[in-house]
Amino acid sequence: MKNIFYTLCLMAVSAMTFVACEDVPEPYDTPSGGKAINEDTTKVVPAVPTGDGTLENPFNAAMALKVIQDGTFDADKDYYVKGRVAQIDELSTSFGNATYWLSDDGTTTTMFEIYRGYGMNGDKFASENDLVVGDSVIACGKLVNYNGSTPEMTRGSKIVYRNGIGTTPAAEKGTQGNPYSIAEALALVSAGTAPTTEVCVKGIITEVTYYNSTYNSLSYNISDDGTKNKVLQIYSGKGLNGAAFSSKNDLKAGQTVVVKGILKEFKGAAEIDKNNVILSITGDGTGTNKPSGSVVPANTEATAFGVDRALEIINNKQYGADTKYYVIGRISRINTKSDVATYGDITYWISDDGSDSNELEIYQGLYLNGEKFTSLDQIKEGQTVVVLGTLTSYNGTSEMGKKNILISIK
């Protein structure tokens with residue numbers, strides 16, 4: 001069945017001449033384990049091929065298929081392929097490997113097969129929960145064209161990144177994961193080479209200058225060292241994820257912020273133009289951040305931590321075991337295998353910008369007012385939520401512990 005499917009696919013692209021890997025009869029005899037896969041032709045609608053196969057710029061599923069179909073890959077070289085798990089044919093805890101498929105968006109459109117791959121860093125899969133549909137992963141291994149008709153990453157590959165854990169490609173400069181410093185931002189504006197699109201800049205607030213009650217925005221200055229030398233003005237900006245400010249006291253000198261907006265020059269000064277938003281806030285405004293090991297006190301809904309701040313608290317072990325924290329973020333993905341009917345809870349992930357980078361897992365969360373969920377449709381990716389619960393690290397995964405509750409959704 002699988003060969004028929006790919007024969008049709010390759011007839012539309014190119015004829016293949018490469019020799020595939022040898023067949024190894026463990027734990028099954030064919031790459032699909034003899035299991036038929038969904039032959040919906042929407043699976044082969046071409047996506048835009050991207051990447052060069054390196055860790056810094058992994059292939060997406062379309063590019064992995066393309067280089068195999070074109071015969072432009074090195075059979076002896078390890079390549080990196082990124083995507084969301086769209087389908088799992090088999091996960092064997094006996095042999096510790098899994099056959100699964102990646103696509104750009106987690107749907108079954110333009111999928112690429114990872115055949116008999118191992119888990120994180122080459123470890124064997126010990127549980128079905130070690131890989132689930134919807135996971136964001138980067139797999140590393142060798143590419144083959146099995147039997148001249150099945151493009152795949154051959155057996156023995158490993159996962160190097162899964163849902164925020166592991167090795168990640170270097171983030172592009174000016175992104176949330178790799179923001180410009182103030183010195184870099186000022187240099188771009190001074191040289192007239194500032195990007196015309198939104199970028200992220202990180203700095204320490206030196207002064208909050210003006211609260212605009214009409215637009216519920218704040219103007220303030222940030223610098224690399226927290227002093228008033230070499231500052232960048234943040235003009236008429238919004239709070240976390242675009243939230244409105246209520247007073248000049250909503251921000252304090254000494255807090256570290258990552259701001260997203262348009263860099264420009266105005267009357268000889270460098271600034272981030274109006275309509276900018278804060279992606280993360282770190283620190284309590286005393287000019288220094290909490291030292292590692294000191295417990296951060298409970299916050300309020302109005303001062304909910306961003307996801308990056310929550311991750312910092314977890315990484316520095318600054319959370320109280322029984323202390324509940326408010327965290328605000330955008331839903332980046334939802335575990336569709338959550339057993340809503342039995343337990344009334346859903347596991348989902350949030351991040352500051354709604355992407356699958358720097359995520360916080362909301363483990364077995366409850367609905368508004370602590371009520372049980374009745375349907376997966378009650379929350380959706382992209383929604384901004386405030387969640388209340390305990391913070392912890394479980395087997396290296398940063399999460400909000402079970403029985404957390406949704407405070408608001410918008």
Side-chain angles (χ1 to χ4, degrees), residues 1-24 30-32 37-89 97-118 121-122 135-162 166-172 356:
M1 201 64 154
K2 180 175 179 181
N3 288 342
I4 293 173
F5 163 65
Y6 273 108
T7 299
L8 292 174
C9 176
L10 294 176
M11 286 174 64
V13 183
S14 62
M16 303 306 299
T17 59
F18 282 77
V19 178
C21 59
E22 63 181 350
D23 190 14
V24 178
T30 64
S32 65
I37 62 173
N38 181 0
E39 293 191 7
D40 184 346
T41 56
T42 59
K43 182 181 299 181
V44 294
V45 174
V48 178
T50 62
D52 61 14
T54 62
L55 175 60
E56 292 72 22
N57 189 22
F59 289 146
N60 68 349
M63 182 58 85
L65 290 169
K66 184 178 187 302
V67 298
I68 295 175
Q69 291 160 355
D70 292 347
T72 56
F73 68 99
D74 184 343
D76 296 322
K77 179 180 177 180
D78 283 335
Y79 291 93
Y80 294 86
V81 179
K82 68 179 179 179
R84 288 187 180 274
V85 178
Q87 177 176 310
I88 299 175
D89 287 352
N97 57 31
T99 296
Y100 57 99
W101 302 72
L102 299 179
S103 69
D104 283 355
D105 56 5
T107 69
T108 55
T109 301
T110 313
M111 300 193 301
F112 179 68
E113 183 178 18
I114 310 297
Y115 170 60
R116 288 193 199 158
Y118 291 107
N121 300 319
D135 279 352
S136 176
V137 304
I138 299 175
C140 176
K142 292 177 171 57
L143 305 182
V144 299
N145 180 36
Y146 182 78
N147 278 346
S149 60
T150 303
E152 65 183 30
M153 182 174 283
T154 192
R155 65 188 186 278
S157 66
K158 63 183 178 181
I159 292 174
V160 298
Y161 170 86
R162 178 188 179 221
T167 305
T168 58
E172 180 183 355
D356 57 10

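Owing to the predicted nature of the structure, the values given are computational and were not obtained by experimental measurement. Computation of the quantities below employed the complete heavy-atom set of this structure, encompassing side-chain atoms and omitting hydrogens, waters and symmetry-equivalent molecules. In this chain, residues are counted from 1 in sequence order.
- Of all heavy-atom pairs spanning Ala75 and Lys142, the tightest one is O-CD, 3.6 Å.
- In this structure, Asn147 contributes its side chain and Ser149 its backbone to no donor-acceptor pair below 3.5 Å.
- A salt bridge links Arg84 with Asp356: the closest approach of a Lys/Arg side-chain nitrogen to an acidic carboxylate oxygen falls below 4.0 angstrom.
- What you find for Glu152 and Ile68 is that their closest heavy atoms are N-CD1, 3.7 Å.
- When all heavy atoms of Ala139 and Tyr100 are compared, the pair lying nearest together is CB-OH, 3.8 Å.
- Partners of Tyr79 under the ring pair (Phe, Tyr, Trp, His ring centres under 6.0 Å) rule, at least two apart in sequence or in another chain, are Phe59.
- For the atom pair Leu102 CG and Gln87 CD, the distance stands at 11.0 Å (nearest 0.5 Å).
- The main-chain N or O of Gly117 is never found under 3.5 Å from a side-chain atom of Asn97 such that the two would form a donor-acceptor pair.
- In terms of heavy-atom proximity, Glu113 sits nearest to Pro151 at CB-O, 4.4 Å.
- Side-chain contact of Thr107 with Asp105: a donor-acceptor pair under 3.5 Å is present, judged by distance alone.
- By the side chain to side chain donor-acceptor pair (under 3.5 Å) test, Lys158 is found to be paired with no residue, residues two or more places apart in sequence or in another chain being considered.
- Residues forming a side-chain contact (heavy atoms from CB on, under 4.5 Å) with Ala61 (at least two apart in sequence, or on another chain): Phe112.
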